[in-house]
Participant: 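Please find one structure pasted underneath; my questions will follow.
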Amino acid sequence: MNTTKRKKKDSLPSSLYHYTSFEVLTKIMPIDKEKSNSNLCFWFSNPLQTNDKKEIRFFEEYVFKNKTGQKLKTEVEAIKEKIGSPFTLSLIHHKEETKTYPSCEIPMWKMYGNNFGGVRLRFDFHKLKKYFESNNCIELKQCLYLTKTEMVETSRHLKKANQDNPKDFVEKIYKEAVCYKTCDWEYENEWRLVKWSKDIEAIGFRLTDGRLYLPVTFPFELLETIEIGPKADQEAIEGSLLLIKKKLQNISDAHFEIKKSKLEIGYI
């Protein structure tokens, strides 16, 4: 099975969204003039430490469990040494043209937007794509939602290919697998910014839970809109964002729009 072609039939998104809390947003935006370099600063997370423990376990779950797969393990370890660990930033594609919109926002706001009380950042897809195509160390990749049968088929192709010794193919699948997810998560329509790093000096850990992160910066002009969550104190956060925007005027081209979510969520 050619997993690269699967799920690529959808039209490309016009926008991608990143959900977070207002507290985290204040760390993303450079409001300290002395420390600022006019860029947004995101903490890319290690997908091996996500809440979904089945994420990017493709090799452990489907490849290494038999004798043929064990032969691949040494090669995969060598690839890890070569390219390092993956760090990702999650971005969501909301398909405005579908009947499920805006109901598809609800789980995103709940799980990733501080239980409806946070914010979401909107980025223009084509600007992101163009910027990261020129930045070869970071990839913008669409997640592939695979059934168990498709996972097994992919592992079979990988083992067969390895017998013919195309090492580049093993590395290609290893990199691709960072965006493999089960079909349970298909409603998210997730894309990921992916950066591989073996620079231990650059990698940090969160004091709250010990999870690893990699700080990554990119320009303010990629940010189109900050939208305030439906259960947030919208007036207070809007006032704070306007203050931040005013402070940023002296150090960056911060032309983002500030919006209040109009999503009606009832008693959720």
Side-chain angles (χ1 to χ4, degrees), residues 10-32 36 38-45 88-132 140 142-143 187-193 216-268:
D10 294 340
S11 59
L12 292 175
S14 58
S15 300
L16 292 173
Y17 295 87
H18 179 70
Y19 289 78
T20 189
S21 67
F22 177 69
E23 179 183 2
V24 170
L25 177 64
T26 62
K27 297 175 182 178
I28 291 171
M29 304 178 83
I31 55 177
D32 187 333
S36 172
S38 303
N39 287 327
L40 298 164
C41 183
F42 287 90
W43 285 9
F44 281 35
S45 58
T88 65
L89 183 73
S90 174
L91 299 165
I92 303 300
H93 172 204
H94 288 308
K95 299 180 180 180
E96 289 87 349
E97 69 278 8
T98 65
K99 293 181 180 179
T100 59
Y101 184 86
S103 61
C104 59
E105 291 184 41
I106 292 174
M108 302 297 103
W109 278 116
K110 184 173 178 62
M111 290 187 292
Y112 309 120
N114 197 28
N115 197 25
F116 304 98
V119 295
R120 70 174 182 179
L121 284 62
R122 183 176 71 85
F123 297 93
D124 180 280
F125 172 82
H126 297 287
K127 287 182 181 179
L128 275 181
K129 186 172 183 292
K130 183 178 180 181
Y131 177 76
F132 287 111
L140 177 59
Q142 185 177 11
C143 285
Y187 66 91
E188 291 189 346
N189 299 310
E190 184 182 357
W191 288 66
R192 287 179 173 176
L193 288 171
V216 176
T217 61
F218 46 89
F220 246 107
E221 55 260 31
L222 297 178
L223 176 62
E224 299 284 322
T225 306
I226 298 176
E227 186 171 338
I228 305 166
K231 279 192 173 181
D233 187 336
Q234 293 188 330
E235 298 301 325
I237 291 181
E238 182 185 36
S240 296
L241 287 174
L242 288 170
L243 177 62
I244 290 171
K245 189 173 183 180
K246 190 172 182 180
K247 288 183 176 183
L248 287 171
Q249 287 176 351
N250 296 326
I251 57 174
S252 71
D253 294 324
H255 300 302
F256 59 86
E257 181 184 3
I258 300 170
K259 292 175 60 177
K260 300 175 185 176
S261 174
K262 295 181 180 179
L263 181 66
E264 297 180 4
I265 56 174
Y267 295 99
I268 293 176

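Nothing here was measured: the structure is a model prediction, and the numbers come from that model.
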Participant: Is there a side-chain contact between Glu188 and Tyr112 (heavy atoms, below 4.5 Å)?
Facilitator: yes
Participant: Which atom names give the shortest non-hydrogen contact between Ser240 and Phe22, and what distance separates them?
Facilitator: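 That closest heavy-atom pairing would be CB-CZ, 3.6 Å.
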Participant: NZ/Lys247 to CD1/Ile244 distance, rounded to the nearest 0.5 angstrom?
Facilitator: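 CD1 of Ile244 is found 8.0 Å from NZ of Lys247.
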Participant: Hey, does Val216 have a side-chain heavy atom less than 4.5 Å from the side chain of Leu193?
Facilitator: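 SC-SC contact between Leu193 and Val216 ruled out.
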Participant: Using the side chain to side chain contact (heavy atoms under 4.5 Å, CB included) rule, take Leu25 and Leu121 through it: C-alpha gap first, then chi angles, then the decisive distance, then the call.
Facilitator: CA-CA 9 Å; Leu25 177 64; Leu121 284 62; 3.9 Å; yes
Participant: Within this structure, what is the OH-CG distance for the pair Tyr131 and Leu222, rounded to the nearest 0.5 Å?
Facilitator: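 Interatomic distance, Tyr131 OH to Leu222 CG, rounded to 0.5 Å: 7.0 Å.
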Participant: Rounded at 0.5 Å granularity, tell me how far NE2 in His18 sits from CG in Leu89.
Facilitator: 5.0 Å
Participant: Run Ile28 and Trp43 through side chain to side chain contact (heavy atoms under 4.5 Å, CB included) and show every step you take.
Facilitator: CA-CA 8 Å; Ile28 291 171; Trp43 285 9; over 6 Å; no
Participant: Find the distance between CD (Glu105) and CZ (Phe116) and round it off to the nearest 0.5 Å.
Facilitator: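 Nearest 0.5 Å value for the CD-CZ distance: 10.0 Å.
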Participant: Roughly how far apart are Leu223 CG and His255 NE2, rounded to 0.5 Å?
Facilitator: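 So the gap between those two atoms works out to 11.5 Å.
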Participant: Closest heavy-atom contact between Thr225 and Lys259?
Facilitator: CG2-CD, 3.6 Å
Participant: For a 4.5 angstrom cut-off between non-hydrogen side-chain atoms, does Trp191 reach Leu12?
Facilitator: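 Yes, side chains in contact.
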Participant: Can you check whether Ile228 reaches Leu241 side chain to side chain, under 4.5 Å on heavy atoms?
Facilitator: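 Yes, their side chains come closer than 4.5 Å.
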Participant: Can you tell me how far apart NZ (Lys129) and CG (Leu140) are? Round to the nearest 0.5 Å.
Facilitator: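 Here the rounded value is 8.0 Å.
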Participant: Verify side chain to side chain contact (heavy atoms under 4.5 Å, CB included) between Cys41 and Asn39, making sure each step is shown before the conclusion.
Facilitator: CA-CA 6 Å; Cys41 183; Asn39 287 327; over 6 Å; no
Participant: To check you understand the geometry: which heavy-atom pair defines the closest contact between Leu40 and Phe123, and what is its length?
Facilitator: CD1-CE2, 4.2 Å
Participant: If every non-hydrogen atom of Ile237 is compared with every non-hydrogen atom of Ala232, which pair is closest and at what distance?
Facilitator: CD1-CB, 3.7 Å
Participant: Salt-bridged, Arg192 to Glu190, with N to O below 4.0 Å?
Facilitator: yes
Participant: Answer yes or no: is there a donor N or O on one side and an acceptor on the other, between the side chain of Gln234 and the main chain of Gly229, under 3.5 Å?
Facilitator: yes
Participant: Please identify each residue that fulfils side chain to side chain contact (heavy atoms under 4.5 Å, CB included) with Lys27, with sequence neighbours left out.
Facilitator: Glu23
Participant: Applying ring pair (Phe, Tyr, Trp, His ring centres under 6.0 Å), name anything that partners Phe44, two or more places apart in sequence or on another chain.
Facilitator: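 Applying ring pair (Phe, Tyr, Trp, His ring centres under 6.0 Å) to Phe44 gives none.
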Participant: Measure up the Phe256 and Phe220 rings against each other and bin them: parallel (under 30°), tilted (30 to 60°), perpendicular (over 60°).
Facilitator: parallel
Participant: Does the plane of the ring in Phe42 sit parallel, tilted or perpendicular to the ring in Phe218? Use 30° and 60° as the thresholds.
Facilitator: parallel
Participant: Any heavy-atom pair between the side chains of Met29 and Ile226 that's under 4.5 Å?
Facilitator: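 In short, these two side chains touch, coming nearer than 4.5 Å.
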Participant: If we only count heavy atoms from C-beta on, is the Asn114 to Tyr19 side-chain gap below 4.5 Å?
Facilitator: no
Participant: Report yes if some heavy atom in the side chain of His94 is under 4.5 Å from a heavy atom in the side chain of Tyr17; otherwise report no.
Facilitator: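 Yes, at least one pair of side-chain atoms sits under 4.5 Å.
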Participant: Does NZ belonging to Lys260 count more than 12 external heavy atoms closer than 6.0 Å?
Facilitator: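 Yes, the 6.0 Å shell around NZ holds more than 12 heavy atoms from other groups.
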Participant: Are Ser90 and Thr88 side-chain neighbours, meaning at least one heavy-atom pair lies under 4.5 Å?
Facilitator: no
Participant: For His126 and Ser14, indicate whether the former's side chain and the latter's backbone hold a donor-acceptor pair under 3.5 Å.
Facilitator: no
Participant: Locate the shortest heavy-atom distance separating Pro13 from His93; write the atom from each residue and the value.
Facilitator: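 Taking every non-hydrogen atom into account, CB-CD2, 3.2 Å.
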Participant: Kindly indicate, with the supporting measurements, whether the criterion side chain to side chain contact (heavy atoms under 4.5 Å, CB included) is fulfilled by Glu224 and Lys127.
Facilitator: CA-CA 10 Å; Glu224 299 284 322; Lys127 287 182 181 179; 3.0 Å; yes
Participant: Quick check: closest heavy atoms across Ser21 and Val119, and the distance to 0.1 Å?
Facilitator: O-CG2, 4.0 Å
